[in-house]
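In what follows, a single structure is set out as structure tokens and then discussed.
One is the number of the first residue; the rest follow in order along the sequence. All ligand and atom numbering here is 1-based and tracks the order in the structure.
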Amino acid sequence: MKLTILGSGTSVPHPQRSSSGFWLEMESSSLLLDCSASAVHRMAQETLDWANLDAIWISHFHLDHVGGLPAFLFGTKYAPETQAREKPLKIFGAKGLRELIEAFDRAGEYNLLKQPFPVEIREVESLEKFEIFDCLEAVALDTPHTPESLAIHLRYKNNKTIVYTADTGFTKTIAALARAVDLLLMECSFVKDKPVETHLELAEAMSLARRAKPKRVVLTHLYPEWNQVDFPAEVKKFSPPCAVIEARDGLKLEV
Ligand SMILES: [Zn+2]
Ligand SMILES: [Zn+2]
């Protein structure tokens with residue numbers, strides 16, 4: 001699997017870090033993890049085959065994670081690149097996802113689910129095991145962020161595993177979900193003295209990494225306060241148990 005980081009930032013406008021979006025490319029399928037408004041154009045900027053994207057995972061309904069979904073569906077409805085497409089687009093997320101898309105529809109009579117190709121919406125619950133593709137199994141886990149927010153564990157057919165926490169406060173269950181995964185893609189909104197309970201700061205992220213013992217950690221969802229920080233030096237203070245990588249827009253990782 002190849003992971004391309006489209007957006008390593010938050011909802012705060014930033015010159016280098018756009019909002020959440022992570023493209024996962026497999027042998028014969030592709031999955032977008034979260035779809036911020038900026039992710040829609042970042043896919044094209046990274047020359048990814050957005051017109052043939054197979055599936056989208058929406059972790060929760062904050063706009064820096066879902067705000068691009070209606071815009072993307074508005075684009076695929078009319079783009080020349082998608083008019084001949086026949087294969088379905090699957091969209092996975094928490095309960096309420098369909099209602100959210102329908103609310104956009106009502107606001108502008110967009111008919112976003114009426115596309116040149118079939119769109120399948122699948123709402124999942126915490127601890128539900130589901131199949132995204134034949135080759136990719138998933139388990140969702142609720143997180144202390146919003147009522148609907150979910151982390152996701154992905155297992156590819158070659159047994160490689162990824163956990164994407166999306167936005168979350170501190171909870172040990174994340175470490176259990178991410179136990180020994182090949183890649184833990186974890187939010188680390190703040191450096192320290194976090195102003196809200198519903199995000200992580202570095203000490204908490206490193207505590208989760210120590211518990212989970214993943215092969216590699218990527219820290220993302222970085223608020224602008226990270227601008228002034230020497231990332232490797234700050235991380236080193238916590239003697240992390242594995243490589244800890246600072247997410248940046250455009251970073252590509254083989255998993
Ligand atoms: Zn966010
Ligand atoms: Zn959020």
_Full working for salt bridge (charged side-chain N to carboxylate O under 4.0 Å, His left out) between D249 and R17_ = CA-CA 6 Å; D249 293 19; R17 297 191 187 282; 5.3 Å; no

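- Taking the Zn ion (ligand 1) as reference, the nearest N/O/S atom within H221 carries the name NE2.
- Under the 30°/60° scheme for interplanar angles, the aromatic rings of H60 and H145 are found to stand perpendicular.
- Seen from the Zn ion (ligand 1), atom NE2 of H65 and atom OD2 of D167 lie 90° apart in angle, a value rounded to 10°.
- Restricting D64 to its N, O or S atoms, the one at the least distance from the Zn ion (ligand 1) is OD2.
- The Zn ion (ligand 2) has no N, O or S atom of H199 under 2.8 Å away, backbone or side chain.
- Within the 2.8 Å limit, H60 places at least one N, O or S atom next to the Zn ion (ligand 2).
- Using cut-offs of 30° and 60° on the angle between ring planes, the pair Y223 and F190 is parallel.
- Side chain to side chain, D64 and S11 fail the donor-acceptor criterion of an N or O pair below 3.5 Å.
- For H62, the N/O/S atom at the shortest distance from the Zn ion (ligand 2) is named ND1.
- A cation-pi geometry, defined here as NZ or CZ lying under 6.0 Å from the six-membered ring centre and within 45° of its normal, does not hold between R122 and F92.
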